[in-house]
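Let me begin by presenting the structure, written as structure tokens, before commenting on it.
These values consider heavy atoms only, across backbone and side chains, with no hydrogens, waters or symmetry-generated copies. All residue numbers refer to positions in the sequence shown, counting from 1.
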Amino acid sequence: MSVAYQIVDVLIAGVVAGLSAFVLSAITPRFSVTIGVILASMYYFSRNPWGSQSGDDLNRRIDDLYDRYLPF
């Protein structure tokens, strides 16, 4: 996995955290940021597992999507 893919993963995780915190702030204002960070972490670490081989098929599909749309 290239550094560019990891940068895009971090940006997507940031968008997930920001949007979920914004949406959840109307429902649970005290925990919206915490839940947003948890959701972003779930995305990032499921995408970049430490020593785990589970999820390889989904990661290959995401990598194919990145290959199709990223210029680098």
Side-chain angles (χ1 to χ4, degrees):
M1 176 176 297
S2 72
V3 174
Y5 288 8
Q6 289 181 343
I7 290 171
V8 173
D9 285 339
V10 169
L11 291 175
I12 291 172
V15 169
V16 167
L19 286 177
S20 59
F22 177 73
V23 169
L24 291 172
S25 66
I27 301 167
T28 59
R30 291 184 61 180
F31 300 110
S32 62
V33 173
T34 303
I35 294 170
V37 169
I38 289 170
L39 292 175
S41 297
M42 286 171 55
Y43 169 76
Y44 183 78
F45 288 115
S46 69
R47 180 78 175 104
N48 302 294
W50 292 345
S52 173
Q53 295 301 319
S54 61
D56 285 339
D57 186 43
L58 180 62
N59 283 340
R60 269 189 237 108
R61 283 190 241 157
I62 293 172
D63 286 339
D64 290 341
L65 184 71
Y66 286 177
D67 286 337
R68 198 171 326 140
Y69 292 107
L70 292 178
F72 39 88

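L39 and I27 end up in the same hydrophobic cluster when Ile, Leu, Val, Met, Phe, Trp and Tyr side chains are linked at under 4.5 Å. The hydrophobic cluster containing L24 does not contain V37, counting ILVMFWY residues as joined when their side-chain heavy atoms lie under 4.5 angstrom apart, directly or transitively. The hydrophobic clustering, which links ILVMFWY residues whose side-chain heavy atoms are closer than 4.5 Å, places F31 and L19 apart. When hydrophobic clusters are built by joining Ile, Leu, Val, Met, Phe, Trp and Tyr residues whose side-chain heavy atoms come closer than 4.5 Å, directly or via intermediates, L70 is grouped together with I62. By the rule that hydrophobic residues join a cluster once side-chain heavy atoms approach within less than 4.5 Å of another member, V33 and Y43 end up as members of separate clusters.
The minimum heavy-atom distance linking S32 with P29 is given by the pair OG-O, 3.5 Å.
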Legend entry - Y66/D9 under side-chain contact (heavy atoms from CB on, under 4.5 Å): CA gap, chis, key distance, verdict: CA-CA 10 Å; Y66 286 177; D9 285 339; 2.5 Å; yes
